[in-house]
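In what follows, a structure is listed as structure tokens, so that the remarks can point back to it.
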Amino acid sequence: MIAVRLAVLVATLAWTPFALASAAPETLASNAGFTQRLGDVIPGDLTFRDEQGQAVALRDFYGDLPVVLVFAWFGCSTLCPTVTSNLAHALAGAGEPVDRYRVVVASIDPRDSPVDASEMKRRVLRDDPGQSSAWHFLTGREPSIAALTHAAGFRYAYDDQTHQYAHPAGYVLLTPDGRISRYFLGFDFTPEEFHHALDNAGRRGVDSTPVERLLLLCFHFTPAGRYSATVVAALRIASLALITLAIGAVLWKRRAPAG
């Protein structure tokens, strides 16, 4: 029955929907990144809902403390939780008391709900629940999300075929009055580095030059070359041939006289 099993395996691969031939990942990736707008103000009148379902405006988080702005997709199970969890570890590692900063994690998916935000908060702060009072997870409608991401220089794209977001990994550090003080790209930094940047933002300082680091993208795909369609078609033909041969072998064995 080896032929039958092989036929089933090839058929499974061949008749899987076109995962290998998803829409141009290069195009999606090129649309994702950070346009660093140092010194620009993030509008405080943009409205969202927090993880408890309460209506909030960004100005509610401004005042006397620096703000770490994080963009995420709450449906992501890979890089987004890693990036936000790493921030929590960095704050804990730097010995930052929770009354010295605020963290705002804003969803880029208008389909995310306060329930999703609450679950994301639970996952991110599972190892350090003492930070909970300083963290706020927001969901909102498309106009608010678009206005916030544009103001922060956060560029992203949605892939209809894979139902994923291509977006950069990083943080935007704001002064207490909502001005962009610094960008952290990826999560390749030390708690000490973050501590000094937080101090600078708390004093309303703004970096004079953009950060230059390798940009990490949150987007998972299997690169599809120009021969993907041909390969898939060939697999399908091969699977049909193997299935036919396997069925023929079974029928021949049943009809063959016992020796």
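Numbering starts at 1 and runs along the sequence shown. The basis for the numbers below is simple: all heavy atoms, side chains too, and nothing from hydrogens, waters or symmetry mates.
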For Phe137 and Trp135, take the angle between the two ring planes, folded into 0 to 90°, and tell me which bin it lands in: parallel under 30, tilted 30 to 60, perpendicular over 60. parallel
Indicate whether any N or O donor in one side chain lies under 3.5 Å from an N or O acceptor in the other, for Ser107 and Asp109. no
Check Gly202 against Pro176 and note the closest heavy-atom contact, atom names and distance. O-CG, 3.9 Å
Please test Asn200 against Asp207 for side-chain contact (heavy atoms from CB on, under 4.5 Å), starting from the C-alpha separation and ending with a verdict. CA-CA 9 Å; Asn200 185 52; Asp207 278 14; 3.6 Å; yes
Shortest non-hydrogen contact from Arg59 toward Asp45: NH2-CB, 3.3 Å
Note, Phe74 side chain near Glu51 side chain (heavy atom, < 4.5 Å): no
In the structure I gave you, are the side-chain heavy atoms of Leu148 and Phe48 within less than 4.5 Å of one another anywhere? yes
Please name the residue in the list Asp177, Ile42, Val41 that meets the side-chain contact (heavy atoms from CB on, under 4.5 Å) test with Tyr62. Ile42
Distance from Gln52 atom CD to His136 atom NE2, nearest 0.5 Å? 10.0 Å
May I ask you to test the Pro168-Leu185 pair for a side-chain heavy-atom distance under 4.5 Å? no
Kindly compute the distance separating NE2 (His196) from OG1 (Thr190), expressed to the nearest 0.5 Å. 8.0 Å
Considering all heavy atoms, the nearest Leu65-Arg102 contact: CB-NH1, 3.6 Å
Do the side chains of Leu69 and Phe154 get nearer than 4.5 Å, heavy atoms only? no
Leu198 versus Leu91: any side-chain heavy-atom pair under 4.5 Å? yes
Answer yes or no: are there more than 12 heavy-atom neighbours, outside Arg123 itself, under 6.0 Å from its atom CZ? yes
At what distance, to the nearest 0.5 angstrom, does CZ of Phe71 lie from OG1 of Thr84? 14.0 Å
Heavy-atom pair with the smallest gap, counting every atom of Gly39 and Val206: N-CG1, 3.6 Å
Check whether the ring centres of Tyr183 and Tyr171 lie less than 6.0 Å apart, and answer yes or no. no
In terms of heavy-atom contacts, Asp116 and Arg111 come closest through OD2-O, 4.1 Å
Would a distance-only check, ignoring hydrogens and angles, find a side-chain to backbone donor-acceptor pair under 3.5 Å from Ser144 to Thr47? yes
Take Val105 and Lys121 through the side-chain contact (heavy atoms from CB on, under 4.5 Å) test and state the conclusion after the steps. CA-CA 9 Å; Val105 184; Lys121 182 173 184 175; over 6 Å; no
Could you pull out the closest heavy-atom pair between Ala72 and Met120, with the gap in Å? CB-CE, 4.4 Å
Quick one, His150 and Arg37 - any side-chain contact, counting heavy atoms below 4.5 Å? yes
Does the side chain of Ile180 reach to within under 4.5 Å of the side chain of Leu174, using non-hydrogen atoms? yes
Tell me, do Leu138 and Leu58 make a side-chain contact under 4.5 Å, heavy atoms counted? yes
